[in-house]
Amino acid sequence: MGSGMFGRCDFVVVVVLVVLVGLVGSVSGIGVNWGTQSTHPLSPSKVVKMLKDNGIQKVKLFDADPGILDALKKSGIQVMVGIPNDMLYTLANSVEAAEKWVSKNVSKHVSSGGVDIRYVAVGNEPFLSTYNRSYETTTLPALQNIQAALTKSGLSNRVKVTVPLNADVYQSSSEKPSDGGFRPDINNLMVQIVKFLNDNGAPFTVNIYPFISLYTDPNFPVDYAFFNGYQPAINDNGRNYDNVFDANHDTLVWALQKNGFGNLPIIVGEIGWPTDGDRNANLQSAQRFNQGFMSRYMSGKGTPMRPSPIDAYLFSLIDEDAKSIQPGNFERHWGMFYLDGQPKYQLNLGSARGNGLVGAEGVDHLAKKWCVLKPSANLNDDQVAPSVAYACQNADCTSLGYGTSCGNLDVHGNISYAFNSYYQVNDQMDSACKFPGLSMVTDKDPSVGDCKFRIMIQTDSAVLHGKIGSLPTVLCSFVIFLCCNLLF
């Protein structure tokens with residue numbers, strides 16, 4: 001996340017993937033982030049078919065999962081593979097480890113079956129303030145060692161290194177981008193990284209999230225976050241800024257220019273809008289933002305400082321119900337598609353397929369049954385709060401709360417939503433609807449309006465986080481406090 005008006009505070013190690021759609025002319029195509037932090041992920045082969053069905057030519061991954069890379073073989077889709085932050089220390093301190101990583105995760109896939117790997121993303125937003133400088137000494141050495149390994153393997157002309165950085169690595173002392181520069185505490189490190197990227201013909205990758213500006217600042221002008229020509233525009237020495245994305249992007253351009261790297265290529269590694277989990281996160285705003293961005297993108301319009309076409313990856317392809325919600329409940333709802341691969345809204349990505357997104361095919365759901373609160377249940381039962389807390393802690397209750405899709409449920413609805421979420425995450429096992437004296441299974445859909453009680457998809461294996469244990473009667477008071485706030 002960036003700071004001030006220009007920001008994005010995404011402190012999770014987010015698994016993001018970017019889809020790129022081929023466009024007329026020199027534009028290389030819009031990308032999409034393919035994150036995999038889901039309790040019930042779609043099979044890689046289904047996702048790759050989705051990408052192709054939607055005309056997507058580029059994808060950004062957060063690791064180098066061999067199953068996903070195998071599915072991308074001979075697909076014609078360009079790939080950015082990722083190295084998680086927890087690997088930076090090892091790669092920074094061992095050239096041999098870097099060579100092994102490149103051999104296993106790049107060379108093998110490029111040579112054996114034509115996976116079109118174009119970039120290696122070394123780390124993911126490693127300089128977020130929430131990481132307490134944990135990766136400041138290892139990011140550049142890891143970058144250098146991966147570059148050396150690519151060079152040794154003969155791939156350095158084909159595969160470029162980069163570091164996806166949060167927009168908080170730069171800032172402006174005013175509203176004007178021209179007052180921008182790198183964050184003082186990491187300025188010297190940023191200049192070293194930028195010089196290294198420049199010397200190796202590699203791009204600067206930045207994640208920009210106008211949504212976070214709204215989330216963190218209640219006084220932020222809503223329309224400035226979108227692409228509808230907010231007025232009055234900010235006049236910066238004759239350059240007009242009528243949306244925060246342009247201002248944020250060009251603050252980076254100025255930071256690069258002031259340090260002698262004004263022509264360094266920039267990739268927008270993540271840009272998007274969530275659909276739930278916050279009062280500003282909804283289907284209408286997400287459609288407005290993403291279509292506004294895509295319309296500009298397809299027109300080939302850049303920013304005032306970089307008028308050429310933008311290289312960008314939308315965030316993200318599919319919702320991820322197992323992501324950390326430390327930054328906010330919206331973190332699990334960035335997808336253009338729901339967990340089952342069905343589109344959330346109409347979006348024109350610039351392909352020949354028109355305005356609609358094409359959903360995943362051949363996805364099987366579990367049976368049409370739900371776990372809900374018994375009508376006869378006593379809300380004063382001592383087991384209510386611990387049971388709901390347990391369900392929410394081990395499933396996903398981020399659609400509950402003020403301003404969310406299920407924010408208008410009554411107490412019974414909130415409890416039922418929590419129970420059902422746990423029941424579905426655990427593959428509708430009988431033991432997952434055994435909240436003591438409180439729950440029952442029904443074949444009547446309890447969904448109300450926009451609040452959907454979803455049924456999980458069938459996957460090849462059982463739930464990722466393991467089998468269900470017995471419900472504890474005492475839980476962390478903090479978790480109970482959170483869930484009780486949701487209920488009452």
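When reading the values below, keep in mind they use all heavy atoms of this one structure, side chains included, and skip hydrogens, waters and symmetry mates. All figures in this text were calculated on a predicted structure; none of them were measured in a lab.
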Assess the side chains of [X] and [Y]: does a donor N or O sit below 3.5 Å from an acceptor N or O?
| X | Y | value |
| --- | --- | --- |
| S178 | D236 | yes |
| S399 | D276 | yes |
| E270 | N207 | yes |
| D396 | T398 | yes |

Greater than 12 external heavy atoms within 6.0 Å of K258's NZ: yes

Just wondering, more than 12 heavy atoms not from Y89 lying within 6.0 Å of its OH? no

What's the verdict on side chain to side chain contact (heavy atoms under 4.5 Å, CB included) for L42 and L339, showing C-alpha distance, side-chain angles and the deciding distance? CA-CA 8 Å; L42 290 168; L339 291 167; over 6 Å; no

Taking [Y]'s backbone N and O only, do any of them form a donor-acceptor pair with [X]'s side chain (distance below 3.5 Å, no angle check)?
| X | Y | result |
| --- | --- | --- |
| K73 | V110 | no |
| N124 | I83 | no |
| S103 | K100 | no |
| N282 | Q284 | yes |
| K104 | E99 | no |
| N105 | W101 | yes |
| T216 | I212 | yes |
| K160 | S156 | yes |
| D179 | S173 | no |
| D65 | G67 | yes |

Do K344 and F337 meet the cation-pi criteria used here (NZ or CZ under 6.0 Å from the six-membered ring centre, within 45° of the axis)? no

Relative to F127, does R183 satisfy both conditions: NZ or CZ under 6.0 angstrom from the six-membered ring centre, and within 45 degrees of the ring's axis? no

So, taking the atom named [atom1] in [X] and the one named [atom2] in [Y], what distance separates them when rounded to the nearest 0.5 Å?
| X | Y | atom1 | atom2 | value |
| --- | --- | --- | --- | --- |
| S324 | E331 | OG | CD | 7.5 Å |
| F261 | D199 | CZ | CG | 7.0 Å |
| L91 | T139 | CG | OG1 | 11.0 Å |
| D242 | Y224 | CG | OH | 8.0 Å |
| L61 | T36 | CG | OG1 | 8.5 Å |
| I208 | I271 | CD1 | CD1 | 6.5 Å |

Do [X] and [Y] sit within salt-bridge range, that is, some charged N less than 4.0 Å from a carboxylate O?
| X | Y | value |
| --- | --- | --- |
| R332 | D319 | no |
| D116 | R118 | yes |
| K46 | E361 | no |

Within-4.5 Å side-chain heavy-atom neighbours: [X] and [Y]:
| X | Y | answer |
| --- | --- | --- |
| M298 | L349 | no |
| L252 | F204 | yes |
| I267 | Y119 | yes |
| H109 | D70 | yes |
| L155 | N157 | no |
| T162 | L143 | no |
| L150 | V106 | yes |
| N85 | Y131 | yes |

Taking ring pair (Phe, Tyr, Trp, His ring centres under 6.0 Å) as the criterion, tell me which of F245, F211, F227 meets it with F289. F227

For salt bridge (charged side-chain N to carboxylate O under 4.0 Å, His left out), just list the numbers for R296 and D246, CA-CA rounded to whole Å, side-chain angles, deciding distance to a tenth of an Å, and then say yes or no. CA-CA 11 Å; R296 280 173 43 111; D246 284 358; 2.7 Å; yes

Ring centroids only, cut at 6.0 angstrom: are W273 and Y345 within range, meaning strictly under it? no

Aromatic ring proximity Y390/Y422, centre distance under 6.0 Å: yes

After noting the C-alpha distance and the side-chain angles of L256 and V194, does the key distance pass the side chain to side chain contact (heavy atoms under 4.5 Å, CB included) rule? CA-CA 8 Å; L256 292 170; V194 167; 3.8 Å; yes

On a heavy-atom basis, which atom in [X] and which in [Y] lie closest, and how many Å separate them?
| X | Y | value |
| --- | --- | --- |
| R158 | V115 | NH2-O, 4.1 Å |
| V425 | D321 | CG2-OD2, 4.3 Å |
| T303 | I310 | CG2-CD1, 4.4 Å |
| P177 | A247 | CG-O, 3.6 Å |

Run the numbers on S295 and Q291 for side chain to side chain contact (heavy atoms under 4.5 Å, CB included), then give the verdict. CA-CA 6 Å; S295 295; Q291 193 60 70; 3.6 Å; yes

Worked check of side chain to side chain contact (heavy atoms under 4.5 Å, CB included) between T404 and D278: CA-CA 6 Å; T404 61; D278 180 70; 6.0 Å; no

